[in-house]
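See structure below.
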Amino acid sequence: MKSNLVTKWPEKAANRSMLRAVGYKKEDFNKFQIGIASTWSNITPCNNHINILSKAVEYGVNKLAKATIFNTITVSDGISNGNYGMKYSLLSREIISSSIEIVCNAQSFDGIISIGGCDKNIPGCIIGMCKVNIPSIFIYGGTILPGKNRTDIVSVFESLGKYFAKKISEKELLEAEKNSVIGSGSCSGMYTANSMAIVAEILGISIPNSSVQNAQSVNKIINCINSGKTLFNLLKNNLKPSNIITLESLKNAIKVISLLGGSTNCILHLLNIAKTLKIKFFLKDIKDLTNNLPTISDLKPSGKFFISDLINSGGIQRFLKFLLEIGILNGDCVTITGNTLKNNLKFIKSNYKNKLLKCLNFPIKKTNQLKILFGNLSKRGCIAKISGKDGEIFIGKSIIFNSEEESIEFIYKNKILNKTVIVIRFEGPKGGPGMREMLTPTSALIGIGAVKNIALITDGRFSGGSHGFVVGHISPEAYERGEISVVRSNDLIMIDSINNKLVFFINEFKIEMRKKFFYNYSKIAFGILNLYRKMSLDSSYGSGINYE
Ligand code: FES
């Protein structure tokens, strides 16, 4: 056992005496030592209940091994969105994964169970487990229930847009604020947290059927208790994340997320997971995988339903079984149960005829919402989310903002003409720094009713809650003198999701001429943000820290 490095008698007597002081008994030293990475925090409803879940995991683990709970940091995207705090969001993923790496290796744990609730904890936990690469399980904190009148956090962001457009009163805005987010759990639509939880289950590192679960539910507690036994089997078989997460399981995950209209952030996280495990999986591969898939889910943000509705209509497994039967998923991928995906679903009946998840022949939309685009405005690629009842191609004239704040101020104070492409730049991993999410500008556009005829492109990111005609992750970013840095007002830009293109109609000679007048509008960064600016990778590699 790896943990003999701290538990072996008599060589490790000094280490053992420290452990005795935190409650170890003699018999504990002969057991597998399991780290439970809890992302518990009172700062956000997404993680508010995770201390209860980590206690349930501890109870389950202690039946067969010895559990030790430790904490990581947490950032709430819902709270930091639209301000300076969001610069720390993606960086928090790196800190969470690194803190798991540090604690697990420093304590010589034999296995890990990590529990995440918010957008960045989930990939942070998964990447951390991949870095340490010992038997590991990820547990999702679960979804929050919808608020009053089927509202949620995105409803409040959009109400704010309506309020500034004088479409609702201050009283109505206050009602939205008070009644939309109630209880604990992650934001309730197919936003980043729920999308990433489903990714974890499809990658095979979460217990089957645990990704589509209510946060405050008996099933969630049972799931936590049972994880101890599952981990014990993983330890006996020495099955690690690198044995479970493979090119094929990554492909499965991206296909499901695309069909469900999931968050663009999943692509960023999957690229980072692939990089951590040294799997060759790039934006171009994702483009090929998603291009011919339709959008079949009527889940929020662009649809009508919440994840709790999906739970009530039978969960995720029947849908996965259906995808397996029609050959979309590779069923041979190994999972933490020790069985393949196919075997896990052996006794599940497929059921694709429900109002949330349409049949592939009669989808919500024949094309996919998630599109990878390339072109003279994004030579290394970018990610479009086109929820699109409004066509697949958008051509419009640019209006330029060199920060998110500039754009929000303008949107609230000015009438934006139809067929405008809002360009928000210097918001990339290095430029921001931190690659902020543009949920406030997209919600503002929806709130003022301008989303139909306006597109938004950025080297920043989008929240899983954003919808409309939006293109993010443009790479190379403005800070690195990418072509987005030389776009000027009234340039003609085309977003063509049919041919996977993002172009502006300027010839190469002119682009090079404009580059001579490059001006860096990025703000000065301090502390860890400055470190991230220096060390972050391009978004086409997942915007992680470059450790090489
Ligand atoms: Fe945490 Fe949405 S803010 S999941």
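Atoms within a ligand are numbered from 1 in the order they appear, just like the ligands themselves. The figures that follow rest on heavy atoms only: side chains count, while hydrogens, waters and symmetry mates do not.
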Using the side-chain contact (heavy atoms from CB on, under 4.5 Å) definition, which of the options V132, I100, I36, T68 pairs with F109?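 Only match with F109 under side-chain contact (heavy atoms from CB on, under 4.5 Å): T68.
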D298 and K304 ion-paired at < 4.0 Å: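 Looking at D298 and K304, the cut-off is met.
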Is K120 salt-bridged to D77, cutoff N-O under 4.0 Å?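 Looking at D77 together with K120, the answer is yes, because their closest N to O distance falls below 4.0 Å.
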is_close_aromatic(F410, F401), centroid dist under 6.0 Å: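 For F410 and F401, the ring centres are under 6.0 Å apart.
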Is the OH atom of Y163 crowded by more than 12 outside heavy atoms at less than 6.0 Å?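 Counting neighbours around OH of Y163, 12 or fewer heavy atoms of other residues, nucleotides or ligands fall under 6.0 Å, so no.
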Please step through salt bridge (charged side-chain N to carboxylate O under 4.0 Å, His left out) for the pair K178 and E172, ending with a clear verdict. CA-CA 10 Å; K178 282 191 198 157; E172 286 171 299; over 6 Å; no
Count, waters excluded, of protein N, O or S atoms under 2.8 Å from atom 1 (Fe) of ligand 1: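 Counting protein N, O and S atoms closer than 2.8 Å to atom 1 (Fe) of ligand 1 gives 2.
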